[in-house]
Amino acid sequence: MAFWWSLLVLAFAFAVCKFLLMLIPPKVPSIDVDASDVLEDGNQSQENSFIYVPPRGTAQQSGKKVQCYEPATMKYLGYVPALTSDEVKEQIEKVRKAQKMWAKTSFKQRRQFLRILLKISSRDTGKTMVDASLGEIMTTCEKINWLLSEGEQCLKPEYRSSGRAMLHKRSRVEFHPLGVIGAIVSWNYPFHNIFNPMLAAVFSGNGIVIKISEHASWSGCFYFRIIQSALAAIGAPEDLVEVITGFAETGEALVSSVDKVIFVGSPGVGKMIMKNAAETLIPVTLELGGKDAFIVCEDVDVDHVAQIAVRAFLQSSGQNCAGAERFYVHRNIYPSFVSKITKIIKSVTAGPPLAGKYDMGALCMHEHSEKLEGLVNDALDKGAEIVARGSFGHIGEDAVDQYFPPTVIVNVNHSMRLMQEEAFGPIMPIMKFSSDEEVIKLANDSKYGLGCAVFSGSQSHAREIASHIHCGVAAVNDFASNYMCQSLPFGGVKHSGFGRFGGVEGLRACCLVKSVVEDRWWPFIKTKIPKPIQYPVAENGFEFQESLVEALYGLSIWDRLQALVTVLKMLTEQSKKEK
């Protein structure tokens, strides 16, 4: 008895010591990032403090410069170069040389790089500070934390069973860097969309070239300085990560020269990237549009779910591709739900995020308000009704087009463009449903399949509905919580794309997956071709092979034993003939 008590005390002491060691923070170098061109109060340098009016139409998608401005105020920020095809290829070659050195580094060194980034985002997207922190910084920190704790284990060789025929073999899967990964990312998450592919690529031993959106180039270049400083702090090759700017030509050159492409953007551009990637037959991961369904069953707490619903649809205010865009509410609670939503939305204000406390920021893309107005007008022409709209704060007259009031619309149906096309804006269409079968059919009536959220007083009921919706991400009695769980893969189906970010699946997608087989007991047992099927093949070669298959895979033990005896008999007879 004393022995077991001693063992228990030792185990408890070990656990306590391990916990205390976890409380000691690792030693992480500090880094300095040059922010001299951005003042502390968040305003641009004084010499650039004028209003910028971007050209309309295709004119803004060309030229040698990418002009940057702050959508919330239309103040000019500066410009970055639009790289040519040759300039892009030069950058990729620099990254390729750096990657060959980086591929030899240890996971310990790679973890140190992540810790520096963890130690250390809301300018040219017009986001509010809350949205930037919640949607970008928290998710990025969570991804870093997951990679630190589980990333190495995911990339270690994984041993698999060798099966009956290869029992004497040892089988494993190895994960090697692909080389240089190209990422073309959208403007809606300027911080996270850079760090998300970069973290996975670099931790798995790759180099990466990231083409940032022309609509969010200003902040992207600043985030690049953070990455460069972190690489320098651990002595990593300075060219391991590159951030490039430009338009379509820049993106096309990137796709043609890398070993894998990760794209975040629209379905139309995604199809063009697939077509270009087919020329060199490189793998592609696409995270495209979404038209997520938000389903509210009759047995929910209306006040609670209404608050979540408002957060879900405001995240579509031109800044978040993961926002809910179709709301289905059971007809028994439809009036009370709409009433609650209306009350909340009337208190919502939009305005420049750095000029005051606002609930919603600006639309990032110029002219996008015109598209949103078109979707609303189409719905109104077909019988829909606006029941609530939010208000604007202090907006300069030059930035009026960059804002769209939060809008709640009822009496909608699937004949309206608003219920079929991705809005990417603060419009909340609410539709009634009567049964589970009806709402499942409605939710699946979309060319998109990114995610869904289902709310019910019965978790099993919500889970059952979610299991029938054809999408890549489902939240039960919550919204968008999947993305904070970085151990999970993230991605969609249909026009929402394919391939996955996050989790084991996303990390290994940055790797060459190699299967390896070797002798288990080398050199004592080696693979030897049985005499009856050696060349020239013996007369009873087929009979031997037939018996071997039966001995390994026969359905009954008796048949397998009989076949095994036949196999051994043939081998013995063959041996006697040779002697």
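The basis for the numbers below is simple: all heavy atoms, side chains too, and nothing from hydrogens, waters or symmetry mates.
Using a cutoff of 4.0 Å between basic side-chain nitrogens and carboxylate oxygens, K97 and D239 are not scored as salt-bridged. In summary, E152 and K108 do not engage in a salt bridge, as defined by a charged side-chain N under 4.0 Å from a carboxylate O.
Counted by atom type alone, T140 and N196 present zero donor-acceptor pairs between their side chains at under 3.5 Å. For the 3.5 Å distance criterion, the side chains of H192 and Y223 fail to qualify, holding no donor opposite an acceptor. Side-chain contact, S217 with T245: no donor N or O sits under 3.5 Å from an acceptor N or O. Under 3.5 Å, the side chains of S547 and K569 contain no donor-acceptor pair of N or O atoms. A side-chain N or O of S460 and one of S458 form a donor-acceptor pair less than 3.5 Å apart. Using modelled atom types and a 3.5 Å distance limit, the side chains of H461 and D436 yield a donor-acceptor pair. Counting only N and O atoms by type, the side chains of T105 and R110 include a donor and acceptor under 3.5 Å apart. Between the side chains of H414 and D445, at least one donor N or O sits under 3.5 Å from an acceptor N or O.
Using the six-membered ring where Trp is involved, H495 and Y448 have ring planes that are perpendicular, over 60° apart on the 30 and 60° scheme. Relative ring orientation between W187 and H215 is described as perpendicular, the plane-to-plane angle rising above 60° on a 0-90° scale split at 30° and 60°. Classified by interplanar angle (parallel below 30°, tilted 30° to 60°, perpendicular above 60°), the ring pair F203/F107 is tilted.
Within a 6.0 Å sphere centred on CH2 of W521, heavy atoms belonging to other residues, nucleotides or ligands number more than 12. Environment of CD in E238: sparse, with no more than 12 heavy atoms of neighbouring residues, nucleotides or ligands closer than 6.0 Å. Sparse packing is recorded around CZ of F542, with 12 or fewer heavy atoms of other residues, nucleotides or ligands lying under 6.0 Å away.
No option in H168, K169, K526 other than K169 meets the side-chain hydrogen bond (donor to acceptor under 3.5 Å, both in side chains) test with D519.
The distance from the CE atom of M166 to the OG1 atom of T527 is 6.5 Å, given to the nearest 0.5 Å. We find the OH-CG distance between Y328 and L442 to be 5.0 Å, quoted to the nearest 0.5 Å. To the nearest 0.5 Å, atoms CZ (F501) and CD1 (I262) are separated by 5.5 Å. Taken from OG in S204 to CG in L199, the straight-line distance is 10.5 Å, to the nearest 0.5 Å. Atom-to-atom distance recorded for I144:CD1 and R115:CZ is 11.5 Å, nearest 0.5 angstrom. Rounding to the nearest 0.5 angstrom, the gap separating the CD1 atom in I210 from the CD1 atom in I208 is 4.5 Å.
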Decide salt bridge (Lys or Arg N to Asp or Glu O under 4.0 Å) for E518 and R172; before the verdict, give the C-alpha distance in whole Å, the side-chain angles of both, and the deciding distance to 0.1 Å.
CA-CA 9 Å; E518 60 184 357; R172 67 177 180 274; 2.9 Å; yes
Please determine whether side chain to side chain contact (heavy atoms under 4.5 Å, CB included) holds for the pair F263 and V284, giving the CA-CA distance in whole Å, both sets of side-chain angles, and the decisive distance to 0.1 Å.
CA-CA 8 Å; F263 174 71; V284 177; 5.5 Å; no
Passes side chain to side chain contact (heavy atoms under 4.5 Å, CB included), M274 versus L286? Steps please.
CA-CA 9 Å; M274 280 188 67; L286 300 178; 3.6 Å; yes
For the pair F294 and F455, evaluate ring-ring contact (aromatic ring centres under 6.0 Å, His included) and give the outcome as yes or no after the intermediate values.
CA-CA 8 Å; F294 190 104; F455 292 81; 4.7 Å; yes
Would you please test K441 and E437 for side chain to side chain contact (heavy atoms under 4.5 Å, CB included) and show each step?
CA-CA 6 Å; K441 184 177 180 180; E437 293 75 17; over 6 Å; no
Would V202 and L114 satisfy side chain to side chain contact (heavy atoms under 4.5 Å, CB included), going step by step from the backbone distance to the final call?
CA-CA 9 Å; V202 170; L114 298 189; over 6 Å; no
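Under a 3.5 Å cut-off, the side chain of S496 and the backbone N or O of G449 do form a donor-acceptor pair. Side-chain atoms of R164 come within 3.5 Å of backbone N or O of L552 as a donor-acceptor pair. Side chain of E422 to backbone of G290: a donor-acceptor contact under 3.5 angstrom is found. Not one N or O on the side chain of N193 forms a donor-acceptor pair closer than 3.5 Å with the backbone of V185. When atom types are taken as modelled, the side chain of Q99 and the backbone of G205 share a donor-acceptor pair closer than 3.5 angstrom. Listed for the N206 side chain is no donor-acceptor partner under 3.5 Å among the backbone atoms of I181. A donor-acceptor pair under 3.5 Å is formed between the side chain of N444 and the backbone N or O of H468. Remark: side-chain polar atoms of K291 are paired, donor with acceptor, to backbone N or O of E421 under 3.5 angstrom. Checking side-chain atoms of Q534 against main-chain N and O of I529 turns up a donor-acceptor pair under 3.5 Å. Side chain of E249 to backbone of S85: a donor-acceptor contact under 3.5 angstrom is found.
Closest non-hydrogen pair, T139 versus Y483, comes out as CG2-CD2, 4.0 Å. Between F113 and I227, the shortest heavy-atom contact is CE1-O, 4.1 Å. When all heavy atoms of N188 and F424 are compared, the closest pair comes out as ND2-CZ, 4.1 Å. Heavy-atom minimum distance, I282 versus V255: CD1-O, 3.5 Å. Closest approach of S213 to S186, counting heavy atoms only: CB-C, 3.9 Å. Scanning all heavy atoms of the two residues, the minimum distance from N540 to P532 falls at OD1-CB, 4.1 Å.
When side chains are defined from C-beta on, L571 counts as touching P530, because their heavy atoms get closer than 4.5 Å. Residues L117 and I226 form a side-chain contact, since some pair of their non-hydrogen atoms from C-beta on lies under 4.5 Å apart. The side-chain heavy atoms of L568 and L564, taken from C-beta on, include a pair separated by under 4.5 Å. I295 is listed as a side-chain neighbour of I469, based on a closest heavy-atom distance under 4.5 Å.
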Output a table of donor-acceptor pairs, distance under 3.5 Å, between side-chain atoms of residues 505-515 and any protein atom two or more places apart or on a different chain; print 'none' if there are none.
{"unit_1": "R508", "atom_1": "NE", "unit_2": "C154", "atom_2": "O", "d": "2.9"}
{"unit_1": "R508", "atom_1": "NH1", "unit_2": "E158", "atom_2": "OE1", "d": "3.3"}
{"unit_1": "R508", "atom_1": "NH2", "unit_2": "C154", "atom_2": "O", "d": "3.0"}
{"unit_1": "R508", "atom_1": "NH2", "unit_2": "E158", "atom_2": "OE1", "d": "3.0"}

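Residue pairs that meet the salt bridge (charged side-chain N to carboxylate O under 4.0 Å, His left out) test with at least one member in residues 83-93, sequence neighbours left out, are E93-R96.
Under a cutoff of 6.0 Å and an axis angle of 45°, K104 and W102 do not form a cation-pi pair.
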